[in-house]
Amino acid sequence: MAARLAHVLDRCDDLEFRDPAEVTAYMILHLADRYGRVTQILERLFTAGHLPIRRRRLSVLEVGAGPAPALYAVHDFYDDLTLWAQTTKQQVEFVPATEMRALDRGSAWSRLLHHFSEEIHQVRSELPTFSGTLPFGVTHPDFTEFSVCREHVRELESKAQLIADEFDRDDEPISPGFARMLAQEEGVRTPSAYDLVVMCNFLTNQGTVALFRKEIRDLAHGLTPGGLLVVLGSATERYTPIWDDLKQLLQNTGLTPLAPFEEPIVANSDPARAALIRHQVRSSLNAVHREGGSLPAKLGDPDRAYRKFPKFRALIWKNQNPPRRRRRSHSAR
């Protein structure tokens with residue numbers, strides 16, 4: 001794991017994340033910091049009145065999830081909202097995060113997320129406000145050719161086939177159309193649109209936007225009314241062409257850019273939160289060191305790591321189009 005820390009620091013974009021030690025090293029260095037950054041954005045969105053509040057279902061997708069900082073941050077933030085509403089006697093009802101979906105190609109992430117969420121659930125399940133769903137693995141393994149609608153229809157068709165098979169076993173065959181209608185009435189877990197889609201340090205190289213042009217536009221069309229597409233990344237000049245490409249790509253998608261959020265933000269600017277994150281990272285690094293691992297020289301003294309957090313940027317688009325009239329989907333015709 002100590003050796004993998006150097007790889008994570010120096011050539012993160014080249015890693016395949018198939019090795020348990022590699023994903024754990026990445027998690028040590030980045031999870032807490034990026035969890036804090038996503039929380040900052042959620043706080044700003046809530047204050048500005050843009051955060052989606054739902055009564056029945058709240059669905060979240062993190063693209064290039066890795067250790068899923070956005071999913072864990074969203075889960076905890078909505079739990080905090082529940083506590084706030086209860087303690088201040090707010091006349092509002094909303095659900096916690098009910099559908100948490102991680103998309104990542106690294107085959108070792110799923111096992112890590114499963115164990116990490118199990119630990120969280122064990123420690124916090126007795127808390128009165130612990131609710132919602134944690135990510136227990138990678139849901140979608142590849143962003144190439146990914147489509148929100150296609151994934152929803154695929155599960156719907158699979159359920160329809162199961163229903164048709166069950167009728168066949170009872171010697172009561174039904175038509176494929178009727179089976180799809182029954183499947184649609186019962187519903188499936190895979191959302192047909194998301195309330196929050198987050199990319200946290202996923203678009204890191206120039207050309208990535210062009211590479212996933214079709215998939216990113218599909219995400220833009222896969223938001224619920226009031227849903228948000230949130231992209232987080234570095235505030236350095238090297239990222240300016242990436243942000244420009246992304247803005248141009250999403251220009252004609254019907255989404256509204258939330259321009260006030262674009263200015264560079266100091267990561268983890270709250271002193272108490274910054275102290276917690278530093279403690280988490282340093283404790284983990286010290287644990288590796290105590291087990292005999294030689295830490296990379298670039299990290300220096302673990303007790304001095306993360307003394308200063310860098311600035312980052314958040315580009316956010318909102319679906320402000322009115323809800324479309326419900327029509328029977330192609331899968332039910």
Side-chain angles (χ1 to χ4, degrees), residues 38 41-65 68 70-71 73-79 81-82 85 92-103 131-135 139-140 143 146-156 159 183-200 202 214-232 246 249-258 261 314-332:
V38 175
I41 297 303
L42 295 174
E43 289 170 345
R44 292 186 176 207
L45 287 167
F46 180 65
T47 301
H50 291 298
L51 192 71
I53 301 295
R54 302 291 186 252
R55 292 184 177 181
R56 291 189 299 174
R57 183 175 184 175
L58 181 79
S59 53
V60 189
L61 172 68
E62 183 170 4
V63 177
L71 297 184
V74 169
H75 174 276
D76 291 352
F77 192 82
Y78 278 86
D79 268 9
L81 282 182
T82 301
V92 61
E93 294 181 10
F94 53 84
V95 296
T98 55
E99 285 296 328
M100 308 289 275
R101 304 253 161 170
L103 187 157
S131 56
T133 304
L134 292 168
T139 318
H140 308 288
F143 194 37
F146 176 81
S147 165
V148 173
C149 180
R150 191 182 303 121
E151 292 297 321
H152 173 75
V153 171
R154 183 178 291 135
E155 185 178 345
L156 199 63
K159 186 167 187 174
Q184 193 171 43
E185 288 177 354
E186 290 185 15
V188 295
R189 289 194 60 184
T190 301
S192 59
Y194 285 90
D195 301 300
L196 277 167
V197 176
V198 185
M199 295 182 180
C200 190
F202 174 67
K214 182 175 66 173
E215 291 83 357
I216 294 172
R217 286 185 65 87
D218 183 87
L219 291 179
H221 294 299
L223 294 174
T224 60
L228 300 173
L229 173 61
V230 180
V231 182
L232 275 65
L246 191 59
L249 174 63
L250 295 175
Q251 251 182 354
N252 301 315
T253 57
L255 300 184
T256 302
L258 302 183
F261 290 86
L315 274 67
I316 305 174
W317 288 264
K318 185 175 184 179
N319 179 14
Q320 291 188 314
N321 298 311
R324 290 175 293 183
R325 295 178 61 186
R326 287 184 68 89
R327 294 187 305 172
R328 184 177 295 182
S329 67
H330 292 292
S331 60

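Between Val95 and Arg55, the shortest heavy-atom distance links the atoms CG1-O, 2.8 Å. Taking all atoms of both residues into account, the shortest heavy-atom contact from Leu223 to Val197 is CD2-CG2, 3.8 Å. Closest non-hydrogen pair, Tyr194 versus His140, comes out as OH-NE2, 4.1 Å. The minimum heavy-atom distance linking Lys318 with Gly49 is given by the pair NZ-O, 4.1 Å. Here the closest non-hydrogen pair linking Phe261 and Leu45 is CZ-CD2, 3.7 Å. Taking all atoms of both residues into account, the shortest heavy-atom contact from Val92 to Ala85 is CG1-CB, 4.3 Å.
Each of Ile316, Leu42, Leu255, Val198 was scored for a side-chain contact (heavy atoms from CB on, under 4.5 Å) with Leu228, with one residue passing: Ile316.
At a threshold of 4.5 Å between non-hydrogen side-chain atoms, the residues Pro52 and Thr224 do not count as touching. Side-chain atoms of His152 and Val148, non-hydrogen and from C-beta on, never get closer than 4.5 Å to each other. Side-chain contact between Ile216 and Met199: present, with at least one pair of heavy atoms (C-beta onward) separated by less than 4.5 Å. Between Leu250 and Leu315, every side-chain heavy-atom pair lies at or beyond the 4.5 Å cut-off.
Lys214 NZ to Phe143 CZ: the interatomic distance, rounded to the nearest 0.5 Å, is 11.0 Å. Atoms OH and CG, on Tyr78 and Leu58 in that order, are 4.5 Å from each other to the nearest 0.5 Å. How far CG of Leu51 is from CD1 of Ile53: 5.0 Å, rounded to the nearest 0.5 Å. In this structure, CZ on Arg189 lies 6.5 Å from OG1 on Thr133, to the nearest 0.5 angstrom. Note that the NE2 atom of His75 and the CE atom of Met100 stand 6.5 Å from one another [nearest 0.5 Å]. Between Asn321 atom CG and Thr256 atom OG1 the span is 7.0 Å, to the nearest 0.5 Å.
Heavy atoms of other residues, nucleotides or ligands lying less than 6.0 angstrom from CZ of Arg217 number more than 12. Enclosure of atom CZ in Arg44 is not indicated, since only 12 or fewer non-hydrogen atoms of other residues, nucleotides or ligands lie within 6.0 angstrom.
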Point to revise | Stepwise side-chain hydrogen bond (donor to acceptor under 3.5 Å, both in side chains) test for Thr190 and Arg101 | key: CA-CA 9 Å; Thr190 301; Arg101 304 253 161 170; 3.2 Å; yes

Point to revise | Audit row: Leu219, Trp317, side chain to side chain contact (heavy atoms under 4.5 Å, CB included) steps and yes/no | key: CA-CA 11 Å; Leu219 291 179; Trp317 288 264; over 6 Å; no

Practice item. Evaluate side chain to side chain contact (heavy atoms under 4.5 Å, CB included) for His221 paired with Thr253, printing each intermediate quantity in order. Key: CA-CA 7 Å; His221 294 299; Thr253 57; 4.3 Å; yes

**Study point:** Step-by-step side chain to side chain contact (heavy atoms under 4.5 Å, CB included) determination, Leu232 to Phe202
**Key:** CA-CA 8 Å; Leu232 275 65; Phe202 174 67; over 6 Å; no

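With Glu62 contributing its side chain and Ala70 its backbone, the two residues share a donor-acceptor pair below 3.5 Å.
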